[in-house]
Amino acid sequence: MSRYNPNEAEPKWQAAWASQQSFKAGTRPDQPKYYVLEMFPYPSGRIHVGHSRNYTMGDVVARYKRAQGFDVLHPMGWDAFGLPAENAARDRKINPREWTYDNIAVMRAQLQRLGLALDWEREIATCDPEYYKHQQAIFLKFFEKGLVYRKKAKVNWDPVDHTVLANEQVIDGKGWRSGAPVVQRELDQWFFKITEYADDLTDGLENLERWPDKVRLMQKNWIGRSRGAHIRFEFANGEDLLGHGYEAEFGSNIEVFTTRPDTIFGASFLALAPDHPLTKQLAKEDPAIDEFIALCQRLGTSEEAIEKAPKRGIDLGLRVKHPFDPNWELPVYAANFVLSTYGTGAIFGSPAGDQRDLDFARKYDLPVKPVVLPAGQDPAQYRLGEEAYTGPGKIFNSASWLNGLDTLTAIEEVIKRLEKSGQGQGATTFRLRDWLVSRQRYWGCPIPIVRCDSCGPVPVPTEQLPVKLPDDVSFDRPGNPLDHHPTWKETTCPKCGAAAQRETDTLDTFVCSSWYFLRFTDAQNTDQPFDNATASRWMPVDQYVGGVEHAILHLLYARFFTRGLRDCGLIDLPSGEPFAGLFTQGMVTHETFRAEDGRWLAPEEVEERDGRLVEATSGIRVEKGPLEKMSKSKKNVVDLERFIADYGADAARWFVLSDSPPERDVEYTESGVEGVWRFIQRLWATIDGLPEGAPKPFSPVSALSDANAIELRKAAHKAVQDITDHIENFRFNAAVARVHDFANALRKAGNDAGSQDLLAARVEASTIMVQLIAPFMPHLAEECWSRLGGEGLIYDQAWPKADPSLLVEDSVIMPIQLNGKRRSEMNVAKDASKDELERLALDDPSVKRALEGLTLRKVIVVPGRIVNIVAN
RNA sequence: GCCGCCGUAGCUCAGGGGUAGAGCGCAUCCUUGGUAAGGCUGAGGUCCGGAGUUCAAAUCUCCGCGGCGGCACCA
C-alpha cells in the first residue's frame, strides 16, 4: 500500500491522453455531437485558481458526455486583442505581439497541466492574421448586407489618451486610465446594425430554455422593447416663432413616442429633449433657451447626479393642438428629463399617469387630470396625491368613445383612431442602440476599408485580405499608432486607383469573440471562416460556460453575429442562436488583507504579533479585509502552478467544485484544500486496499447472499443514479457531496477480504466509484483504474448505468406523528397497505402510551412517508 | 426608484408540505509501522421575523427585515 502522489501520476496520464489523441473532436462521426465551450480567456499572464473553476466545469461536462458516447468538441483559444497588450508595450517597451504570445505559452501550459480534455489542434488566437483575415471577410459580408454602416456619433473621447472609450470605461465622467474628464465628441464611427435584430433578439430569448432566467431577463431589459404609439401634434402657432427651415426639415408637427396613448386626454404639455433639433433651432433665436440647454449639459453625467437632478424645463413658447380636439392647445417645453436618444426625443406629459410628468406639472403649475380610475375607486371622490397612478384601470374624464374602456383596450382604440386620422400609428421602440465598433487603437483587427476622396469608403477586395497590422509601431505619443505610422495607411483606392488612405480604426475586441466558437468548428480552414456544413454540424454550442459579467454584451453581440452570418448565408442555423445551453458560474473568493494606510497585502506579507495582524516588513497594522474575488489588485490570488505543485491538478478541480453551488461564489480556504487532499488520499487507500487477486472490474456480480454485499451494491447503484442526475443539472457541489457519501459507504464495507460476495461487491463498487469521479478527478481515476486492472483508459469507458432492481427499497422506516409531532417510527414493508400501516401505527407501544386518555379523531396515512394520528 | 436572486449547524452549502442533512471546523478517546497521518465517538439548529392555508409548514401564500446582483429620468 502506498500514498498517492499526484505529481508523479498526473503528468503520466496527461502524456497517455496526449499520445492517444484522446481529446480529438470529430472522431465519432456517427454519434450525436456535443459541443462544450468555456468562454475563452484573455491572455493576461498567468492563471490562478479562480480562473480554473470555469474550465473545470466545462471539462466535467466534456468528459461526462464523452463517456456517454457523444462526439465531443471541447476547444480552447485566446481572446488575444485588447488594450492591456498596448499598455504593456508602452510601459515596458515590448511589442504587443510578443507580450501576448509569451502569455499564451505560459497559460497554455497551465491549462494542460490542469488535465483539461481539450482538442488543442483547434487552438486559435484572435490576433493571428489567419484568424482576423476571416473576421475582415465577415465584416465585408456584413457591409454588403447593410449590417455595417458609418455615421457621425457622439462618443466618449479621452483627451489625454486620444481615443474613444466605451461607456463602461467611463467612471464618474472620467477616463478609467487617464483620469481626465471625458468629453463628448462627434466622430465618424463604424456601427453594426444590431437594432435590426432587436425584435428577434428579444423573441429568441423565449426559446433559450437552458439559459438562466436571470440572464434572459437582463438581456430583455437591456434591449428594452416597448410597444406604444407615435403621435404627431400639429403646431397651433409655430410658423411665426420658428425661424425658417424647421418646417421643411421636420414638417408642421412634433412627433412623440408614448407607451400610454390611453392617457391622451390627460395630456397637459409636450416636452422635448434639450438637444432635440427643434429645441436647438429655437435656441438660436432665444438666449434663454440657449442658456437652458447649457445648464442641462453642465449637470454632470454621473448616474447619481442625473437621478437626483430636479425636474426642470423652459416654455418654448410653442403651442400644439391636441390630436382629438383641435381647440385644445398644449404648451411645449424643453425639459431636462427627456432623452434625445430614446423614442423621438419628445413626449407628451400626462401627469396623472407618470411620476416624472407629475413632478414637472406640479413645479410649473400645469393641469393634472386623472384619466385612469383604479379598480374599486369612486370617480367622484378620486383624487391624486403626490404619486402618479401608473397601474391598470378604467378610462374616465376622457372622450365618450374612450370612457369606460380598460387601459389595454383603450390603448388599442386610441391607436386605431390615430391611424385612421393619420396623426399617428402604433410603434415599437428599443433601448438598445447600434453597436459602435470603431476603436482608435493599434492592437485590434484592422477594419478592411479604404477611404477614397472620390469613392468614399471602399471595401478592400477579399483576395487582398488580411489587412495586416504593421509590427513597427511606436507608443511614444498618445493616440492611435496606426494613424501615426509613416506609411501603413497610404494605399490606393481599389475602385478608382487614386491615392487613398486605409481606415485606421480597429474593431472592438467584442467582435473577435462574437464568432470564435464558429471558427473552432473548422479552425484549420484557410479559405473561409468555416465550412458551412462542418459548422452547421457542430452548432449550436450545447453547453457554454462563463461568467455573468458577460451576461449582456458578449452574449448579445454573439447572438447578433450568428443571425447576421445566417442571413449572409454563411451558416445554416435557423434559430440564429449560438448557445443552446448557458451556465454562468460564480467566482472563487479569497480573504484579503489591508494595511492601515489602505494598501492591499498578500497573505504572506502579513504576520501575527501579540495577537494583532501587522505587515511583516513594516509592522504597520493590518485588518482582515472582505472576501473578494481573486484578483491581482487585491493581492489575494492563489497561483495555479503553485497550487498544483502542492496538491495536484485533481485537488484544484475537486476543490473549486465542492462547497458552493456552481452558480454561486466559492470561498478558497486552506482548510478546505487540506480536506480535499485527505479525501484524495483516503479514496486512493480505499481502492488500493482491495486484496491482490480480486476480480477484474466489470466482472459479473452473481446473486449475492451476503447482506453487507447487497447493501454495498445498492449504495453504488444509488450513487450512479444521483451523481448522474447532479451532473446533468450542473449541481457539481451536490455531486461532490454524494461522492463523499458513497466513498464513506465503500470504505466502511471493510478492507479485509470478508466473504467472496462482499469482495465482488467491493470491486463493483470501486469500479463504479472510479467511473463516477473520472470527470472530476481524471488523473486519480486513471491511476485507480490501472490499479484495479482495468483495460485501456478510464477516459474511454462508458458511463455506468444504475441497475433499477437495486434502486428499490423493499422496506422503509416511517415516522409516526401524533398531532403533527413525531412520536415514534416503524420499519415496514414498502408496499404495505394503508389499513395495515394504520393498524401498525396504532399498535406501536409508545403511540399507545401517548394516546392514553385521548380521543382518536383521525388517522392520516401517506404510504411510504408518514402516519399522522390526530387525537385530543 | 424598478426588477431579480439569496437567508438552514461555527463556516460553505444540500434538501424542499410529513424523521432536519453533508463537507470543513470543533471536542473526547484510540492508534503512532497507512504518519506533510489514520480511525472511533460526539457536541452543536428560533431552518431571518410575523401572519395565513393545512391533520401537518424549514418547505406553499402574503407582509416585513437583512445581504447580493442587474437596470436606472427608457415616456
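Each chain gets a letter, A, B and so on, in the order the sequences are listed, and its residues count up from 1. Please read all numbers here as calculations on a predicted model, not as lab measurements.
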What protein N or O atoms touch nucleotides 25-27 of chain B N or O atoms at under 3.5 angstrom, if any, and at what distances?
from, atom 1, to, atom 2, distance (Å)
B/G25, OP1, A/Arg678, NH2, 2.7
B/G25, OP2, A/Arg678, NH2, 3.4

**Study point:** Sidechain N-carboxylate O distance under 4.0 Å for A/Asp722, A/Lys718
**Key:** yes
Study note, to complete from the structure: All heavy atoms of A/Ile415 vs all of A/Pro261, minimum pair found to be CG1-CG, 4.1 Å
Check your understanding: Given atom CG of A/Asp213 and atom C1' of B/C3, what is their separation to the nearest angstrom?
Key -> 13 Å
Practice item. Determine, using ring centers only, whether A/Phe732 and A/His726 are less than 6.0 Å apart. Key: no
Exercise for review: Name the nucleic acid region contacted by A/Ser658, choosing base, sugar-phosphate or nothing; use a 4.0 angstrom heavy-atom cut-off, strictly under.
Suggested key: nothing
Review point. In the strands shown, is B/C71 matched to any nucleotide by a Watson-Crick or G-U wobble pair with both distances under 3.5 Å, and which?
Key: B/G1
Exercise for review: Determine the contact category for A/Asp359: base if any of its heavy atoms lies under 4.0 Å from a base atom, sugar-phosphate if only primed atoms, P, OP1 or OP2 are that close, otherwise nothing.
Suggested key: nothing
Practice item. From the options B/G70, B/A75, B/A36, select the nucleotide whose nearest atom is closest to the side chain of A/Met218. Key: B/G70
Review point. Just by distance, with hydrogens left out, do A/Thr195 and A/Asp434 show a side-chain donor and acceptor under 3.5 Å apart?
Key: yes
Practice item. Round to a whole Å and report the spacing from NE2 of A/His726 to P of B/A22. Key: 15 Å
Point to revise | Closest to the A/Ile552 side chain, choosing from B/G4, B/C71, B/A36 | key: B/C71
Check your understanding: Can the positive tip of A/Arg3 be found less than 6.0 Å from the middle of the six-membered ring of A/Trp684, inside 45° of the ring normal?
Key -> no
Exercise for review: Remember a base hit wins even if backbone is also touched, and classify A/Arg738 as base, sugar-phosphate or nothing at under 4.0 Å, heavy atoms.
Suggested key: nothing
Check your understanding: Mind checking whether A/Phe348 and A/Asp354 have side chains closer than 4.5 Å, heavy atoms only?
Key -> no
Review point. A/Ser350 and A/Asp357: side-chain donor and acceptor closer than 3.5 Å?
Key: no
Review point. Does one side chain, of A/Thr279 or A/Tyr333, offer a donor that lies under 3.5 Å from an acceptor on the other?
Key: no
Point to revise | CZ (A/Arg210) with more than 12 external heavy atoms under 6.0 Å | key: yes
Practice item. Determine which nucleotide pairs with B/C62, using a 3.5 Å limit on both distances of a Watson-Crick or G-U wobble pair. Key: B/G50
Check your understanding: Any idea which of B/A75, B/C73, B/G23 is nearest the A/Val338 side chain?
Key -> B/A75
Point to revise | Residue A/Thr259, side-chain atoms from C-beta onward, closest of B/G23, B/C73, B/A75 | key: B/A75
Exercise for review: Would you mind telling me which of B/G15, B/C73, B/A75 lies closest to the side-chain atoms of A/Arg731?
Suggested key: B/G15
Exercise for review: Taking atom P in both B/G38 and B/G25, compute the distance separating them and give it to the nearest angstrom.
Suggested key: 10 Å
Check your understanding: Side chain of A/Ser226: nearest nucleotide among B/A75, B/G39, B/A14?
Key -> B/A75
Point to revise | Neighbours of RNA chain B within residues 340-354 of chain A, by heavy-atom distance under 4.0 Å | key: A/Tyr342, A/Ile347
Practice item. In whole angstrom, give me the gap between the C1' atoms of B/G16 and B/A56. Key: 15 Å
Exercise for review: Return the nearest nucleotide to the side chain of A/Asn336; candidates are B/C73, B/G39, B/A75.
Suggested key: B/C73
Check your understanding: Of the nucleotides B/A75, B/C73, B/A14, which one has an atom closest to the side chain of A/Phe337?
Key -> B/C73
Exercise for review: Could you tell me which residues satisfy side-chain contact (heavy atoms from CB on, under 4.5 Å) with A/Leu217, sequence neighbours excluded, listed by chain and number?
Suggested key: A/Asn221
